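Quick notes on the structure that follows.
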Amino acid sequence: VQVVESGGGSVQSGGTMTLSCTISGNTKGHHCMGWFREVPGKVREGIATIDTDNKSTYVDGLKDRFTISQDSTKNTIILQIDNLKPNDTAMYYCAASWELDTCAPEYGGSWIILGYWGQGTQVTVSS
């Protein structure tokens with residue numbers, strides 16, 4: 001399975017950014033996909049997940065500005081970030097898993113072991 005993110009870049013505070021993630025390869029079956037982000041020196045954190053039943057789950061406190069959606073026909077998920085803030089600056093990663101017991105964005109051992117990860121896309125927000 002290959003996971004490829006796109007759509008990052010530089011944006012001013014208050015703007016909107018849309019990130020895309022497409023999976024390819026053996027993608028059949030029920031699976032969970034998610035967005036995560038990482039700032040140098042800090043632990044990677046989850047943002048949101050969505051499964052093939054279109055059930056989405058967000059980390060507490062992020063649902064107001066982050067929206068996850070999917071285009072199942074294209075094996076693609078989207079993350080829209082509204083009202084961007086400088087502290088949203090991070091490398092944003094997408095991951096997919098067919099083996100998680102629960103499709104949830106809490107980053108930890110399950111995602112590390114059972115997830116297929118992309119290379120990430122950088123988002124930089126200037127004030």
Side-chain angles (χ1 to χ4, degrees):
V1 174
Q2 293 78 45
V3 180
V4 178
E5 305 97 336
S6 62
S10 297
V11 64
Q12 287 192 326
S13 181
T16 296
M17 181 161 285
T18 301
L19 307 179
S20 297
C21 171
T22 300
I23 58 173
S24 60
N26 185 11
T27 62
K28 293 181 179 179
H30 185 273
H31 58 272
C32 174
M33 294 183 68
W35 284 100
F36 302 79
R37 64 183 179 181
E38 184 174 335
V39 175
K42 295 188 177 181
V43 177
R44 190 171 298 186
E45 64 175 357
I47 300 171
T49 51
I50 190 165
D51 66 16
T52 45
D53 295 325
N54 212 34
K55 178 183 176 182
S56 59
T57 305
Y58 293 83
V59 168
D60 288 345
L62 295 181
K63 191 173 183 179
D64 58 338
R65 296 191 298 116
F66 293 76
T67 304
I68 192 170
S69 60
Q70 69 180 335
D71 182 345
S72 59
T73 62
K74 299 180 180 179
N75 283 333
T76 296
I77 65 170
I78 307 292
L79 182 70
Q80 179 174 313
I81 313 170
D82 297 317
N83 190 22
L84 279 155
K85 305 177 185 303
N87 62 7
D88 291 321
T89 296
M91 185 72 79
Y92 284 72
Y93 294 92
C94 176
S97 178
W98 282 252
E99 299 181 74
L100 293 175
D101 291 332
T102 302
C103 185
E106 284 71 29
Y107 179 73
S110 294
W111 273 108
I112 295 171
I113 296 170
L114 303 175
Y116 292 87
W117 290 85
Q119 294 298 307
T121 185
Q122 178 68 37
V123 173
T124 302
V125 184
S126 58
S127 57

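Everything numeric here is computed off the predicted structure, so don't read it as measured data. For reference, positions follow the sequence shown, starting with 1.
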*Do you reckon Leu84 sits in the same ILVMFWY cluster as Met91, going by side-chain contacts under 4.5 Å, direct or chained?*
no
*What's the shortest heavy-atom distance between Val123 and Gly8, and which atoms?*
CG2-CA, 4.2 Å
*4.5 Å side-chain heavy-atom contact, His30 and Asp53*: yes
*Should we say atom CZ of Phe66 is surrounded by more than 12 heavy atoms from elsewhere, each under 6.0 Å from it?*
yes
*Check whether any side-chain N or O of Arg65 sits under 3.5 Å from a backbone N or O of Asp82 as a donor-acceptor pair, and report yes or no.*
yes
*asked:* Using 0.5 Å steps for rounding, measure from the CG atom of Leu62 to the CH2 atom of Trp35.
replied: 14.5 Å
*Go through the steps to decide whether Thr89 and Thr124 satisfy the test side-chain hydrogen bond (donor to acceptor under 3.5 Å, both in side chains), and finish with yes or no.*
CA-CA 5 Å; Thr89 296; Thr124 302; 5.3 Å; no
*Is the backbone N or O of Gly120 less than 3.5 Å from a side-chain atom of Glu5, with the two atoms forming a donor-acceptor pair by type?*
yes
*Can you name the nearest heavy-atom pair linking Cys103 to Thr57, along with the distance?*
O-OG1, 3.8 Å
*State plainly whether one hydrophobic cluster holds both Ile77 and Trp98, where clusters connect Ile, Leu, Val, Met, Phe, Trp and Tyr through side-chain heavy atoms under 4.5 angstrom apart.*
yes
*Among Thr76, Asn54, Thr52, find the residue that satisfies the side chain to side chain donor-acceptor pair (under 3.5 Å) test when tested with Gln70.*
Asn54
_Using 0.5 Å steps for rounding, measure from the CD atom of Glu45 to the CD atom of Glu38._
9.5 Å
*Spacing of CD1 belonging to Ile68 relative to CD1 belonging to Ile50, to within rounding of 0.5 Å*: 5.5 Å
*Is it possible for you to say whether Leu19 and Tyr58 belong to one hydrophobic cluster, with membership spreading through side-chain heavy-atom contacts below 4.5 Å?*
yes
*Could you give the distance from CZ (Arg37) to CG (Asp88), rounded to the nearest 0.5 Å?*
5.0 Å
*Which atom pair, heavy atoms only, marks the closest approach of Ile78 to Ser20?*
CD1-OG, 3.3 Å
*What are the two closest heavy atoms between Leu114 and Ser97, and how far apart are they?*
O-OG, 3.0 Å
*Distance (rounded to the nearest 0.5 Å) between Thr27 OG1 and Tyr116 OH*: 11.5 Å
*How are the rings of Phe36 and Trp117 set relative to one another: parallel (under 30°), tilted (30 to 60°) or perpendicular (over 60°)?*
tilted
*So which heavy atom on Val59 is nearest to which on Pro105, and how close?*
CG2-CG, 3.6 Å
_Can you confirm whether Asp64 is buried at CG, in the sense that more than 12 heavy atoms of other residues, nucleotides or ligands lie under 6.0 Å from that atom?_
yes
_Starting from Ile113, can I reach Val3 by hopping between I/L/V/M/F/W/Y residues whose side chains sit under 4.5 Å apart?_
no
_Within one Ile-Leu-Val-Met-Phe-Trp-Tyr cluster: Ile23 and Tyr92, side-chain cutoff 4.5 Å_ = yes
*Mind listing the closest non-hydrogen atom pair of Trp111 and Ala95 along with its distance?*
CZ3-CB, 3.5 Å
*About how many Å separate NZ of Lys74 and OG of Ser24, when rounded to the nearest 0.5 Å?*
15.0 Å
